[in-house]
Amino acid sequence: MASADAVTGAPSGPVLFAYDGSELAELGIEQAGRQLAHGRDALVVCVWQTGDVGFMPTSERHLNAAEATEVRKAAEETAAHGASLAEKAGFRSQSIAIQAAPTWKGIVEVADERQASLIVLGSHRRRGLVGHLLGSVQVPLAGG
């Protein structure tokens, strides 16, 4: 669990951005930059999987989803792109690409490990197969 600054009471853990390369994930970073204090630490996370990439690569190259090295490299590039967007939005950011399935579980594990004070992710507003193919993240709720 994230701790708070003893003097100000403000959260001291980084903001974690779950970034999949989509326009709505980019919008999430921009909106957070408008609403949160500038200069906060941020961690931009791109979660990847073999067989089901789980994100939208920032490069135009075709990916073989079964090739782990290729997918990991594209995820690292995507995370780095998200970190550059976070820098432009006023955050001190770093990027990380992790392999995890399901995607939400990887996001939560990194948030716990890094003691994130907030998780920001964009919604694709899509359901079914299209939402899955575009890498939307759904976090199960307790009791649901």
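Keep in mind that the numbers below use all heavy atoms, side chains included, and drop hydrogens, waters and symmetry copies. By convention here, the first residue in the shown sequence is residue 1. This one's a predicted model, so the numbers in the text were calculated from it and none came from an experiment.
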- Give the intermediate values and the outcome of side-chain contact (heavy atoms from CB on, under 4.5 Å) for residues Val15 and Leu43. CA-CA 6 Å; Val15 175; Leu43 180 62; over 6 Å; no
- Query: Can you check side-chain contact (heavy atoms from CB on, under 4.5 Å) on Leu16 and Leu118, steps first, answer last?
  - Reply: CA-CA 6 Å; Leu16 186 144; Leu118 177 67; over 6 Å; no
- Please walk me through it: do Gln49 and Thr103 pass side-chain contact (heavy atoms from CB on, under 4.5 Å)? CA-CA 8 Å; Gln49 299 126 22; Thr103 301; 2.9 Å; yes
- Would you check, one step at a time, whether the test side-chain contact (heavy atoms from CB on, under 4.5 Å) holds for Arg40 with Ser117? CA-CA 11 Å; Arg40 283 190 68 173; Ser117 59; 2.7 Å; yes
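Every residue two or more places apart in sequence or in another chain that forms a side chain to side chain contact (heavy atoms under 4.5 Å, CB included) with Ala80 is listed here: Ser95. Residues satisfying the side chain to side chain contact (heavy atoms under 4.5 Å, CB included) test with Gln99, not counting sequence neighbours, are Trp48, Thr50. Taking Glu76 as the reference, Arg72 meet the side chain to side chain donor-acceptor pair (under 3.5 Å) condition, with sequence neighbours excluded. For Lys88, there are no side chain to side chain contact (heavy atoms under 4.5 Å, CB included) partners, not counting sequence neighbours. Every residue was checked against the side chain to side chain donor-acceptor pair (under 3.5 Å) condition with Gln31, not counting sequence neighbours, and none meets it.
Side-chain atoms of Arg92 come within 3.5 Å of backbone N or O of Gly39 as a donor-acceptor pair. Without hydrogens or angle criteria, Glu87 side chain to Ser93 main chain gives a donor-acceptor distance under 3.5 Å.
Of all the heavy atoms in Ala89 and Ile29, the pair that sits closest is CB-O, 3.9 Å. In plain terms, the two heavy atoms of Ile107 and Ala18 that are nearest each other are CD1-CB, 3.5 Å. Closest non-hydrogen pair, Ala100 versus Gly106, comes out as CB-CA, 3.5 Å. The two residues Phe17 and Ala86 have their closest heavy-atom pair at CE1-CB, 4.3 Å. Across every non-hydrogen atom of Val120 and Ala32, the tightest pair is CG2-CB, 4.4 Å. Pro14 approaches Arg114 most closely through the heavy-atom pair CD-O, 3.4 Å.
In this structure, Lys73 NZ and Glu77 CD are separated by 4.5 Å, a value rounded to the nearest 0.5 Å.
Each of Leu85, Leu121, Val45 was compared with Tyr19 under the side chain to side chain contact (heavy atoms under 4.5 Å, CB included) criterion, and only Leu85 meets it.
When side chains are defined from C-beta on, Phe91 does not count as touching Val44, because their heavy atoms never get closer than 4.5 Å.
The salt bridge (Lys or Arg N to Asp or Glu O under 4.0 Å) contacts involving residues 26-36 comprise nothing, where partners must be two or more places apart or lie in separate chains.
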